[in-house]
Enquirer: 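One structure, pasted below without further comment.
Predicted model only: the values in this text are computed from it and were never measured. Numbers here are sequence positions counted from 1.
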Amino acid sequence: MKITCGDITFDLNTQQRRELDYLARWRADLAYITERWGKDDPETQVSRGCIEFAFTVLDRLHVPFWLQNAALAYGEDWRNRQRESFEHYLRRKGYEIA
């Protein structure tokens with residue numbers, strides 16, 4: 001899948017896409033836990049650790065920061081994540097997907 005942001009195009013392969021889903025999932029998990037039980041809940045540490053690990057993996061896979069940030073923003077609104085896919089989110093935000 002090709003994703004275009006302005007003049008920049010990135011070819012996203014299956015493994016990179018899977019890792020972006022992983023990042024969005026853990027960001028949604030963190031947002032949900034924080035909303036329901038507060039920032040001091042012990043589970044927030046687990047979610048933060050998984051998010052940090054996802055960044056490490058995405059960096060190794062050479063996924064650009066702008067796409068990692070898009071996955072974070074997508075996951076942050078955990079309710080919306082249940083309603084729309086990452087691709088729909090990107091299109092709504094003005095990214096082109098081919």
Enquirer: L72 and R27: which non-hydrogen atoms are nearest, and at how many Å?
Expert: O-CG, 3.4 Å
Enquirer: Do you reckon I8 sits in the same ILVMFWY cluster as I97, going by side-chain contacts under 4.5 Å, direct or chained?
Expert: yes
Enquirer: Identify whether V63 and V57 are in the same connected component of the hydrophobic contact network (ILVMFWY, side-chain heavy atoms under 4.5 Å).
Expert: yes
Enquirer: Roughly how far, to the nearest 0.5 Å, is the CD atom of E19 from the CG atom of L12?
Expert: 11.0 Å
Enquirer: Got I33 and D29 here, is their nearest side-chain heavy-atom distance under 4.5 Å?
Expert: yes
Enquirer: Working to the nearest 0.5 angstrom, can you tell me the gap between D77 CG and R81 CZ?
Expert: 11.0 Å
Enquirer: Find the distance between CG (L58) and CG (L23) and round it off to the nearest 0.5 Å.
Expert: 6.0 Å
Enquirer: How many angstroms lie between CD in Q16 and CG in D21, if you round to the nearest 0.5 Å?
Expert: 12.5 Å
Enquirer: I would like to know whether R17 and E87 meet salt bridge (Lys or Arg N to Asp or Glu O under 4.0 Å); could you show each step before the answer?
Expert: CA-CA 10 Å; R17 174 70 172 96; E87 286 82 10; 2.8 Å; yes
Enquirer: What do you reckon, is CG of N13 surrounded by more than 12 foreign heavy atoms closer than 6.0 Å?
Expert: yes
Enquirer: Check whether Y22 and L90 end up in the same hydrophobic cluster, where Ile, Leu, Val, Met, Phe, Trp and Tyr are linked by side-chain heavy atoms less than 4.5 Å apart.
Expert: yes
Enquirer: side-chain hydrogen bond (donor to acceptor under 3.5 Å, both in side chains), that's the test. Do Q15 and R18 meet it? Break it down for me.
Expert: CA-CA 5 Å; Q15 185 180 12; R18 195 175 311 125; over 6 Å; no
Enquirer: So, for F86 and A71, which heavy atoms are closest and what is the spacing to 0.1 Å?
Expert: CE1-CA, 3.6 Å
Enquirer: What verdict does the side-chain contact (heavy atoms from CB on, under 4.5 Å) test give for T9 and I3, after you've listed the backbone C-alpha separation in whole Å, the side-chain angles of each residue and the deciding distance to 0.1 Å?
Expert: CA-CA 6 Å; T9 300; I3 301 176; over 6 Å; no
Enquirer: Looking at E84 and Y74, what are the two nearest heavy atoms and their distance?
Expert: O-OH, 2.7 Å
Enquirer: Any chance you could lay out the side-chain contact (heavy atoms from CB on, under 4.5 Å) test for Q68 and D59, step after step, and finish with the verdict?
Expert: CA-CA 9 Å; Q68 293 181 35; D59 287 345; 3.1 Å; yes
Enquirer: Is E96 salt-bridged to K2, going by a charged N under 4.0 Å from an acidic O?
Expert: no
Enquirer: Less than 4.0 angstrom from a charged side-chain N to a carboxylate O is my criterion; do E35 and R79 meet it?
Expert: yes
Enquirer: Nearest 0.5 angstrom please: N69 CG to E76 CD, how far?
Expert: 11.0 Å
Enquirer: Closest approach of Y89 and A70, non-hydrogen atoms and distance?
Expert: CE2-O, 3.6 Å
Enquirer: Should the ring pair W66 and Y95 be called parallel, tilted or perpendicular, given that the plane angle runs from 0 to 90° and is split at 30 and 60?
Expert: parallel
Enquirer: In this structure, would L67 and F53 fall into the same cluster of hydrophobic residues linked by side-chain contacts under 4.5 Å?
Expert: yes
Enquirer: If I compare all heavy atoms of W78 with all of R36, which pair ends up nearest, and what's the gap?
Expert: CH2-NH2, 3.7 Å
Enquirer: Measure from the side-chain N and O atoms of T44 to the backbone N and O of D41, and report whether any donor-acceptor pair falls under 3.5 Å.
Expert: yes
Enquirer: Can you see which heavy atom on R92 is nearest to which on N80, and at what distance?
Expert: NH2-ND2, 3.2 Å
Enquirer: Calculate, to the nearest 0.5 Å, the distance between atoms OG1 and CG belonging to T4 and D11 respectively.
Expert: 9.5 Å
Enquirer: Would you say the ring centers of W26 and F55 fall short of 6.0 Å from each other?
Expert: no
